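In what follows, a single structure is set out as C-alpha cells and then discussed.
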Amino acid sequence: MSKRAILKRNRFKQTLNSGETKKLVKTLAVSVSIFLSSCAVGPDFKPPVVETPENYRFEKIPVESMINLKWWELFNDPVLYSIVSMGLENNRDVKIAASRIEQARASLGFTKADQYPKIDIEAGAGTGNFAGGTRSSTINTHYYIAPALSWELDFWGKFRRTTEAARAELMASEYALRTVQLSLISEVVSTYYLLLDFHQRLAISKYTLDSRLKSLDIIQQRFDKGIIAELDVNQAQIQKEVAAASIPLYERSIAKTENALSILLGKLPGAIKTGEDLSSQTIPPDIPIDLPSNILERRPDIAEAMYSLEAQTATIGVAEALRFPAISLTGVLGLASSELSSVTSEGGVWSVSGGLLGPIFNFDKNVRRVAIEEAKTQQALYRYENTVLTAFREVEDALVGVHTYKKQIFAVENKRKAAKNAYKLAKLRYDKGVSSYLEVLETERTLFSVELELSELKQQYLKAYVKLYKALGGGWITKEEMKFHSRPRTAFGMHIYEKSVSFLRRNPKFGAKLAITWENEPF
C-alpha cells in the first residue's frame with residue numbers, strides 16, 4: 001500500500017474516532033434507551049374464555065386420553081394408508097397452505113425490520129456556477145460520500161404491534177396447514193370408502209343380474225311349454241333389466257369417484273387401486289374421548305381462529321399509535337471535499353437531526369381508524385366463538401352417527417337375513433304352484449334393495465368414524481406432534497399463546513410436519 005493511501009486511511013480512522021463521532025454514538029445510545037423504555041399503545045391480547053360442556057351428550061364410553069396416532073391405520077387397510085400418505089405429499093391445497101407459511105414467515109421478517117435503524121449510502125458530485133438560487137462568478141465543484149442512518153423510534157409501539165400481528169399470522173398459517181391436512185385426510189378416507197361402496201354395489205348388481213338371467217331362462221322355458229302365462233315372462237324381463245340398468249349406474253359412479261380421489265392425491269384422473277372390499281373392512285375399536293374442553297387444544301381450526309384474533313387485536317395498537325407523533329432520527333457520517341483528489345484528506349463530516357411529525361386535526365380520521373380495527377377485532381372474536389361452537393356440534397353429530405349407524409346396520413342385517421329366506425321360500429312356493437310369480441318378484445326386489453342399503457350403511461358407518469376423528473382434532477402425522485400432545489397441560493391460552501414458537505418444516509414422506517418447540521418448565 002502506498003504512503004498516500006495509508007495516510008488517507010489513517011485520516012479516515014481519525015474522522016471516525018473524533019469527538020463528533022462520539023457525540024453521534026452517544027445521541028443514538030440515548031435514543032435506544034428511550035426506545036426501550038417506550039410503551040406500546042393498544043390492548044394486549046388475552047385469549048377469550050369459552051364455556052364448554054362437562055361431557056358429550058351421545059358419548060357412553062368413559063372419558064380417557066385421546067388416541068395419539070395415525071388414526072387411519074386403525075382401519076387396517078395398507079392401501080388406504082398408502083393413498084393417505086400420497087395425498088399428504090402431493091395434494092395441491094396442502095402445497096398452497098405450506099407456501100402460505102413461507103409467505104407469512106417472510107412477512108414477519110419484513111415487518112420486524114421496521115423496528116431497527118436503517119443504514120443507507122449517500123454519494124454525490126456536482127459542479128456549476130448556480131447555487132442557492134443565484135448565479136455565481138466562479139465555478140463551484142463538490143463531492144461527498146457518507147453512510148446515512150435513519151430511524152423512526154417505536155415510541156408508541158407501532159412497529160412492535162405490527163410485528164406481533166405478523167407473528168400471530170405466521171402461527172395462524174401453520175395451523176391453517178394443519179387444518180388443510182386434517183380435512184384432506186378425512187376427505188381421502190371418506191372418498192375411499194365411497195369408492196368401495198360403489199364397487200360392492202356394482203358386484204351386488206352383477207350378481208343379481210346373473211341370478212335374474214337364470215330365472216328368466218327357466219320362466220321362458222316354462223312359457224314355451226305352456227305351463228305359465230306370458231305375464232310372468234314379462235315381469236321377469238323387467239326385473240332383469242332393472243338389475244342390468246344398475247350396472248352402468250355404478251360403473252359411472254366408480255369412475256367419477258376415482259377421478260375425485262385422484263385429484264385429492266394430486267395426480268391426473270385415473271383408476272384407483274383398492275384393498276379389502278367394503279364388507280371385509282375393519283371397524284375401528286371404540287374411541288376414548290377427551291374432556292370436551294380439551295377439544296380447544298386439539299382442533300387446529302380453533303387455534304387458527306385464535307391466532308387470527310390475536311393478529312387483529314394487535315392492529316388496534318397500530319391504529320392507536322398512528323394518532324400520536326412519529327419521532328425520527330437521522331445521522332450522516334462521511335467525507336466531503338471540493339476536490340475529488342482530496343475527498344479523504346480534508347476531514348470528515350457528520351450531522352445528527354431529529355424530527356417529529358404528528359396529526360393535529362384530520363376530521364377524526366385517526367379515531368375512525370381505531371374504531372374500524374376494533375370492529376374487525378370484534379368480528380374476529382365472533383368467528384372464533386363460532387368455530388368453537390361448530391367444533392362441538394361436529395363432535396356431537398359424529399358421536400350420534402357412530403352410535404345410530406351401528407344399531408341401524410344391525411337391524412338391516414337382520415332384514416337381509418329375513419329377505420333371503422323369504423325369497424327362497426317364495427321361489428319354492430312358486431315352483432310348486434302354490435303362489436304367483438308376483439310373490440317371487442316382491443321378495444326379489446326387497447332382497448336387492450336391502451343388500452344395496454346395507455352396503456351404503458356400512459360406508460356411512462365407516463365415514464362416521466372418520467368424521468369423529470376429524471371433529472376431535474384428528475390423529476398426529478409426526479412424532480413431534482405426538483410428543484407435544486402427550487405433555488401435561490392445563491390452559492389452552494397458556495400453551496398456545498405464550499409458549500408456542502412452532503415452525504413448519506417440509507417432510508418428504510407426509511408433505512409437511514409440525515415441529516413445535518417448548519420451554520422446559522411445565523405450565
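The residues of the chain are indexed from 1 along the displayed sequence. All figures in this text were calculated on a predicted structure; none of them were measured in a lab.
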Please lay out, stage by stage, how M171 and E310 fare under the test side chain to side chain contact (heavy atoms under 4.5 Å, CB included). CA-CA 10 Å; M171 294 301 299; E310 181 178 0; over 6 Å; no
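- Within the 4.5 Å cutoff, no side-chain heavy atoms of L153 are placed close to those of Q115.
- The only option from D44, D114, D154 that meets the salt bridge (Lys or Arg N to Asp or Glu O under 4.0 Å) definition with R160 turns out to be D154.
- A pairwise comparison of heavy atoms in T387 and A305 identifies OG1-CB, 4.0 Å as the closest pair.
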Please lay out, stage by stage, how L149 and K118 fare under the test side chain to side chain contact (heavy atoms under 4.5 Å, CB included). CA-CA 6 Å; L149 181 146; K118 181 176 65 174; over 6 Å; no
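- Taking CD1 of I96 as the start and CZ of R92 as the end, the distance is 9.0 Å to the nearest 0.5 Å.
- By the 4.5 Å heavy-atom criterion applied to side chains, L381 and P48 are counted as neighbours.
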Take D77 and Y192 through the test side chain to side chain contact (heavy atoms under 4.5 Å, CB included) and record every step on the way to the result. CA-CA 11 Å; D77 190 336; Y192 178 76; 2.7 Å; yes
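- Summarising the local packing, CZ of R369 is surrounded by more than 12 heavy atoms from other residues, nucleotides or ligands at distances under 6.0 Å.
- Nearest heavy atom pair, residue G401 against residue A464, reads C-CB, 4.0 Å.
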Let's go through E304 and L177 carefully: what are the C-alpha distance in whole Å and the side-chain angles of both, what is the deciding distance for side chain to side chain contact (heavy atoms under 4.5 Å, CB included) to 0.1 Å, and is it a yes or a no? CA-CA 9 Å; E304 178 189 355; L177 171 61; over 6 Å; no
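- Within 6.0 Å of the CD1 atom in I121, the count of heavy atoms belonging to other residues, nucleotides or ligands exceeds 12.
- Taking a 6.0 Å sphere around CD1 of I139, one finds it holds 12 or fewer heavy atoms contributed by other residues, nucleotides or ligands.
- Between L196 atom CG and T257 atom OG1 the span is 10.5 Å, to the nearest 0.5 Å.
- Annotation for P359 and P325: closest pair CD-N, 4.5 Å, computed over non-hydrogen atoms.
- Side-chain contact annotation: N386 with R383, donor-acceptor N/O pair under 3.5 Å absent.
- Among all heavy-atom pairs drawn from T163 and L108, the shortest one is O-CD1, 3.7 Å.
- Between the OG1 atom of T377 and the CG atom of L309 there is a distance of 7.0 Å, given to the nearest 0.5 Å.
- At least one side-chain heavy atom of S107 sits less than 4.5 Å from a side-chain heavy atom of T111.
- Considering Q378, K376, E373, E169 as possible partners of Q312, the one that fulfils the side chain to side chain donor-acceptor pair (under 3.5 Å) test is E373.
- Closest of all the heavy-atom pairs between P269 and N259 is CB-OD1, 3.3 Å.
- At least one side-chain heavy atom of T313 sits less than 4.5 Å from a side-chain heavy atom of P43.
- Taken from OG in S173 to CZ in R105, the straight-line distance is 7.5 Å, to the nearest 0.5 Å.
- For the atom pair CD of E187 and CG of N91, the computed distance is 8.5 Å after rounding to the nearest 0.5 Å.
- Of the options L265, V180, V188, L184, a side-chain contact (heavy atoms from CB on, under 4.5 Å) to L88 is made by L184 and by none of the others.
- Residues I302 and A391 come closest through the heavy atom pair CD1-CB, 3.9 Å.
- Side chains of R299 and K470 form no contact here, defined as non-hydrogen atoms less than 4.5 Å apart.
- Taking the side chain as every heavy atom from C-beta outward, Y461 and V402 approach each other to under 4.5 Å.
- One N or O on the side chain of S262 and one on the backbone of G270 form a donor-acceptor pair closer than 3.5 Å.
- With sequence neighbours excluded, the residues satisfying side chain to side chain donor-acceptor pair (under 3.5 Å) with E164 are R161.
- For K267, the NZ atom counts as densely surrounded, since its 6.0 Å shell holds more than 12 non-hydrogen atoms of other residues, nucleotides or ligands.
- Atom OG of S190 is separated from atom CG of L195 by 12.5 Å, given to the nearest 0.5 angstrom.
- Using a 4.5 Å cut-off on side-chain heavy atoms (C-beta onward), I327 and E152 make no contact.
- Counting only residues at least two apart or on different chains, the ring pair (Phe, Tyr, Trp, His ring centres under 6.0 Å) pairs with a member in residues 354-378 are F361-F363.
- Between Y193 and F75, the distance separating the two ring centers is shorter than 6.0 angstrom.
- Under the 4.5 Å side-chain criterion, counting only non-hydrogen atoms from C-beta, W151 is not in contact with S328.
- A donor-acceptor contact shorter than 3.5 Å links the side chain of T162 to the backbone of K158.
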Test salt bridge (Lys or Arg N to Asp or Glu O under 4.0 Å) on R323 and E320 and set out the steps. CA-CA 6 Å; R323 299 177 61 187; E320 287 278 9; 3.4 Å; yes
